[in-house]
Each structure stands twice: as C-alpha cells, then as structure tokens.
Protein chains: 2
Amino acid sequence: MNVLEICRQKLQEGGLRLTRQREQILAVMCEHQGEHLTREGISNLVQQEYPSVGKATVYRTITVFEKLGIVSRNNLDERVRYELADPAQAHEHHHMICLACGKIAEMRGDFLETQEQILLRDYGFHVVNHQLKFYGYCRDCAKEQEL
Amino acid sequence: MNVLEICRQKLQEGGLRLTRQREQILAVMCEHQGEHLTREGISNLVQQEYPSVGKATVYRTITVFEKLGIVSRNNLDERVRYELADPAQAHEHHHMICLACGKIAEMRGDFLETQEQILLRDYGFHVVNHQLKFYGYCRDCAKEQEL
DNA sequence: ATCTCTGCAAATAATTTGCATTACG
DNA sequence: CGTAATGCAAATTATTTGCAGAGAT
C-alpha cells in the first residue's frame, strides 16, 4: 500500500477527505523525503508546483497530517520542522546537527530502552516517545576546524 | 561568587555593561529558577515587577545572556524556552515532558557517552552537546488515564 | 566623553481565523 | 445533498529594528 492510500485511509478513519490540495501537498512532501521542512518552506514548495493552493491550506493540512501521523514534527532547530513520517515507524532515528554547516543527519539506534524502564521505575513516568539530538561537527566541518 | 557577579564579569569580558535593567531581568530569572520560560513569559514577569523595563530590552537581553551562557536555551516545547544556566554545567540533565499536563521534569544521567564515542567512530561526528527529551505521562496523569 | 543600552513605536515575520464558495464522498 | 475543505484577506501573535535620548564605565 502506497503513501497516498495510507493517507486516504487515515483521513477517512477520521471522517476527513482526501482533496486535490491534500494530495498535492503530500506529493511535495514525498518529493522532499528526508528533508526537514518548516511549514513555511513546505508552503513555498507547494506554491511553486501548484500555485493555486493557498498558504492557509498548507498550514491547515500540515496540522491535520501531523495529527494523523502522516508527517512527524521535530524541533531540532529554531523552528518547528516536518518530514514525511517513516511508514515503518518501528526503528526510530535520532539526529546529528552540525553546528558549523547546519546539516542534519540521521542515525538509527534503540539504545534508550533501558533508560525508559528506569524512568518508569524511578519516576513513575510512562514514556511514549522521545527525541534525541546530538550537536557537534560533522566529518567535513571537523576537518576544516582541525578538530 | 554569586550569579550577579558572574554575570557582570561575563558582560565585561565582552565589553558589555551590567545595566539596571539587565540586573532586574537576571533577578527575575533567578526567582524562577528551574522553570522553562519563553522570552514573552520572561518579558511579562519582568513587566510585573519592573514595569518601566521595555519588552524589546527583555528580548535583546535574553539574546545577550544566551550568547554569554548566562541562560540556556531549549526547544523542548513548541516555543523556545530559557532557564538560568546551571552554574555547575558538569552534570547534564534531560527532560521528561508530560503530554497530558505539560509539566516538564528534569532528570540527571550521563548514559549517552558511549553513544557519542560510537558517533565519532562510525560517522566522524564530533559531539559537543546533546539534548534528550522523553515524552509521555507523569505519575499523576498516568494514574488518571489508568495506564 | 564615549559608546552601549534603552524605550517607544513602527516594521516584519509567522501563523491563525472568518467567511463566502467549492467540491468530496 | 450535507458538511468538510478551500482561498483570500484581514487579524493575531511573536519578534526585530530604527532612532533619539539616557546611562554605565
């Protein structure tokens, strides 16, 4: 089942509709898979390809997509950013953010599970999700800075 | 050496001045130590205690304080938040954010060091800092939701 | 005395909302 | 057909900036 159908189904489950605009916005998100875009950025991209789509529609759609888990939100940066949610949510990813060039790379790893059990035991805190960012210098920038 | 003197010194090192307003803003941050405040929130608190201080001054001051490491910034939430920087930066802390009541709790732990070594080895990424947030339900809210 | 800092108000940036119209299911 | 969704423009919210005067060192 492809992204579009998953999207249609999730919308229908909530009594919502898959409109032409929502398809187009989804298409743009697909074309930029892996990028971390602000709503404004998404809006600009959409308007390049589909100039008839209003900015407010993009903003409203991202909100809907987020609620349905179609896109995932992160605030790795100054501004909140979105990316197409990983269809196989199973394996989570973390981010490495280069302080020099700003590049955001992803890495995989489930090494927080033990810690989550500790949180439950020690604080009674039930973890449902987490977000981990490493700030530093990527290989290229580290070289330039002679680190 | 107290916070105020540390602040004065850091300012002076940068050729900056410790004005009455900056002292007052610092005082407010001290009174709300441990809280995670937006710049707007800080501005409101300042204006309650010191109505003569302009909003723009608060915004500009927080920016200065951040650059000097007097306050630390986090984007755990929708909006960027600030807190008085831990003078003993040595032991780092992570955050648990309750999805129900919004409360942000802190926890300590240095369990990411191994992972940082792996990042350097596998990706050539030099970590200088990191941020970890756990989202979930705090003890009280978990009880209400019968988790 | 010098040069940073301040308050104000206006400017900008980012997002939300009201409403009449369109179009999905 | 009924109701959710859209586009537009106006409204809101959050933050930044220009500038003339005040104040710290």
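Source: prediction; values computed, not measured. So that the names make sense, note that chain A is the first sequence line, chain B the second, and so on, each numbered from 1.
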Got a sec, which residues hit side chain to side chain contact (heavy atoms under 4.5 Å, CB included) with [X], two or more places apart in sequence or on another chain?
X: A:K55; answer: A:S43, A:Q47, A:Y59
X: A:Q117; answer: none
X: B:R60; answer: B:A56, B:T57

Letter per nucleotide, 5' to 3', of nucleotides 18-25 of chain D [B base touched, S only sugar-phosphate touched, - untouched; heavy atoms, 4.0 Å]: B----BBS

Check whether any side-chain heavy atom of A:H94 sits under 4.5 Å from a side-chain heavy atom of A:L112, and report yes or no. yes

Name all residues meeting the side chain to side chain donor-acceptor pair (under 3.5 Å) criterion together with A:Q12; count only those two or more places apart in sequence or in a different chain, and write none if there are none. none

Taking side chain to side chain donor-acceptor pair (under 3.5 Å) as the test, write out the residues that go with B:R8, two or more places apart. B:E5

For A:H36, which residues count as a ring pair (Phe, Tyr, Trp, His ring centres under 6.0 Å) partner, sequence neighbours excluded? A:H95

Name all residues meeting the ring pair (Phe, Tyr, Trp, His ring centres under 6.0 Å) criterion together with B:Y50; count only those two or more places apart in sequence or in a different chain, and write none if there are none. none

What is the separation between atom CZ on A:R79 and atom P on D:dT15, rounded to the nearest whole Å? 12 Å

Rounded to 10 degrees, the angle between the two terminal axes of the helix from C:dA1-D:dT25 to C:dG25-D:dC1, each from five pairs: 50°

What class does the angle between the rings of B:F134 and A:H130 fall in, given that below 30° is parallel, 30 to 60° is tilted and above 60° is perpendicular? perpendicular

Identify each donor-acceptor pair in which a side-chain atom of residues 16-24 of chain B lies under 3.5 Å from a protein atom, sequence neighbours left out, and give them as a table.
unit_1, atom_1, unit_2, atom_2, d
B:T19, OG1, B:R22, N, 3.2
B:R22, NH1, B:R17, O, 2.8

Can B:Y123 be reached from B:L120 by stepping across I, L, V, M, F, W or Y side chains whose heavy atoms are under 4.5 Å apart? no

Find out if a path of hydrophobic residues (ILVMFWY) with successive side-chain heavy-atom gaps under 4.5 Å connects A:L4 to A:I62. yes

Reading DNA chain C 5' to 3', which nucleotide is the first, and which the last, to come under 4.0 Å of any heavy atom in chain A? C:dA14 to C:dG25

Interatomic spacing from CD1 in A:I6 to CG in A:L11 - rounded to 0.5 Å: 12.0 Å

Within residues 36-53 of chain B, residues whose heavy atoms come under 4.0 Å of DNA chain D: B:R39, B:E40

If the cut-off is 4.0 Å, is A:R22 near the phosphate of D:dA4, judged by side-chain N/O to OP1 or OP2? no

